[in-house]
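Chain naming here is simple, since letters A, B, ... match the order of the sequence lines and numbering starts at 1 in each.
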There are 2 protein chains.
Amino acid sequence: MRILIVEDEPTLGRQLKTTLEQNGYAVDLSVDGEDGHFMGSTEEYDAVILDLGLPEIDGLTVLGMWRKEGRKFPVLVLTARDSWSDKVAGLDAGADDYLAKPFQTEELIARLRALIRRASGNSSSELIAGDVRLDTRSGRVTLNGEPVKLTAQEYKLLSYLLHHKGKVVSRTELIEHIYDQDFDRDSNTIEVFVTRIRKKLGPDVITTIRGLGYSLDDPAQPRG
Amino acid sequence: MRILIVEDEPTLGRQLKTTLEQNGYAVDLSVDGEDGHFMGSTEEYDAVILDLGLPEIDGLTVLGMWRKEGRKFPVLVLTARDSWSDKVAGLDAGADDYLAKPFQTEELIARLRALIRRASGNSSSELIAGDVRLDTRSGRVTLNGEPVKLTAQEYKLLSYLLHHKGKVVSRTELIEHIYDQDFDRDSNTIEVFVTRIRKKLGPDVITTIRGLGYSLDDPAQPRG
DNA sequence: CCTCGACGATCAGGATACGCATTCGCGGCT
DNA sequence: AGCCGCGAATGCGTATCCTGATCGTCGAGG
């Protein structure tokens, strides 16, 4: 999952970035509203963390612009505490959740996870497809109840597919959501990891759609 | 486990801090309500000891603010008199336990231990994973019934992992909960102590999740 | 029905980041 | 003073990742 952080205070920004990366996210960091807006408009994110107290362009404005452009990613808004009005305005402008500074990193992680889960239409923290189960909280994957050990990248790939179960996911989409901004897009890593996942979870878990990408299907509604 | 003490009376505060530290807790001490509130909002604590009789901001107010912000740590409230009304008000405001001054330090320790235990969802004071048992009351660790001598830091680390059995715990999370505020976060101490614990309790007690952190697994549901 | 082209799968190699063990010096405690 | 635990630094080993090459397969068109 790929996250955009728009935070003008460099210290907090970097700290957030490392924390999120340690939790398995690909993270881009933007330090001002204009650049942040551009990034959010051009790149593919699964969630955005937006500080309202930005210089130059106001965070609310950025959020409003995104929504007007039709950007749908969930936005978690950070604001100084006690500014109740900010919260209301933020939610009005299309924010999906709200966190007052200062906050605890663990809470941020938890909310982020919930946001992404909700955005993909899942209600439980457990993603299931056939015999495969992935618990986003504990980071555990099981096959027929048997625990399977996945590496970080394998996990990210599988997680993204599960979050978009039934949809055809193109290779570029996968790259965009698994890696952060600076990454060589001309490589076959995706294929490699698909192969590895198939080796661990069975060949039928991920379906190849020739010329389009991959798909992870719910066996309840299998692909023809 | 990391504790925050909010206590305006310096003597009692320092005394509590040392006592708790001798009992294996990492302790931050705050001497007024405003600072205390800030610390509780920013840092990661496993429990908070809060004196109600604070100058400036009232303890109850601080507690109320925390709960409104969504802080979930268990709070043990101290009050000067044995006034029933204070107790009721405290519990109303979201306190988890209550202790009247003056009190026996032993009782404080005992209640604190119970609070942390309950917060992590454990019903017994004994934490068990495989052949390893840790008794939070006596602070003793056994391996297959054989007592094992752990140093303070080793104990803290193991204890935290046991309290969060099955979850993947990142290095930063461990540092945040084992050490107090001022500590160099760029160090490899966690790895060192993991190594030392493995030497004493066997290599399979703590599982490494590469790139994410560590996990202590219930043998009933082992990791692959 | 066969052939060819394009796309995807697989494999093996090297690079790298990550975690581990060890060592050492410091400081507190006995 | 001597011991012990703690934390910092270092070098090593290895899992993991990426790359490039090769092999396999699907499908369109003849």
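Rounded to whole angstrom, the span from the CG atom of A/Leu212 across to the C1' atom of C/dA6 amounts to 14 Å. Between the CD atom of B/Glu21 and the C1' atom of C/dG28 there is a distance of 14 Å, given to the nearest Å. When the P atom of D/dC6 is taken as reference, atom CG of B/Leu174 falls 16 Å away, rounded to whole Å. Atom pair A/Arg171:CZ and C/dA6:C1' shows a separation of 12 Å (rounding to whole Å applied). When rounded to the nearest whole Å, the span between CD1 of A/Ile209 and P of D/dG27 equals 11 Å. Taking atom NZ of B/Lys200 as the reference point, atom C1' of D/dC6 lies 12 Å away to the nearest angstrom. Rounded to an integer number of Å, the gap from A/Lys156 NZ to D/dC17 P is 8 Å. We find that CD of A/Glu191 is positioned 14 Å from C1' of D/dA21, with the value rounded to whole Å.
Within a 6.0 Å sphere centred on CZ of B/Arg140, other residues, nucleotides and ligands contribute 12 heavy atoms or fewer. Heavy-atom neighbours of A/Arg133 CZ from other residues, nucleotides or ligands within 6.0 Å: at or below the threshold of 12.
Residue B/Thr189 places its side chain closer to D/dA8 than to any other of D/dC6, D/dA21, D/dA8. Checked against C/dG19, D/dG5, C/dT22, the side chain of B/Thr151 finds its nearest nucleotide in D/dG5. Out of C/dC20, D/dG7, D/dC6, the shortest distance to the side chain of B/Thr208 is found at C/dC20. For A/Tyr179, the side-chain atoms get nearest to D/dC18 when compared with the rest of D/dC18, C/dA9, D/dG7. In the set C/dG8, D/dC6, C/dC20, C/dC20 carries the atom at the smallest distance from any side-chain atom of B/Tyr214.
Checked by distance alone, B/Arg198 brings no side-chain donor or acceptor within 3.5 Å of a matching partner on the base of C/dG19.
Counted by atom type alone, B/Thr136 and B/Glu126 present zero donor-acceptor pairs between their side chains at under 3.5 Å.
Across all strands, A/Val192 comes closer than 4.0 Å to base atoms (heavy-atom distances). In this structure, B/Arg196 reaches the bases: a heavy-atom distance under 4.0 Å links it to at least one base atom across the strands shown.
Side-chain N/O atoms of B/Thr195 include one lying less than 4.0 angstrom from OP1 or OP2 on C/dA21. For C/dC11, one of the phosphate oxygens OP1 or OP2 lies less than 4.0 angstrom from a side-chain nitrogen or oxygen of A/Lys199.
Within the 3.5 Å criterion, the main-chain N or O of A/Asp28 finds no donor-acceptor partner in the side chain of A/Lys17.
Of the two residues near DNA chain D, A/Arg210 and A/Glu154, the one whose nearest nucleotide lies more 5' is A/Glu154. Nearest-nucleotide mapping onto DNA chain D: of A/Leu150 and A/Asn188, the residue sitting toward the 5' end is A/Leu150.
Residues B/Ala26 and B/Tyr179 share a closest heavy-atom pair of CB-C, 3.7 Å.
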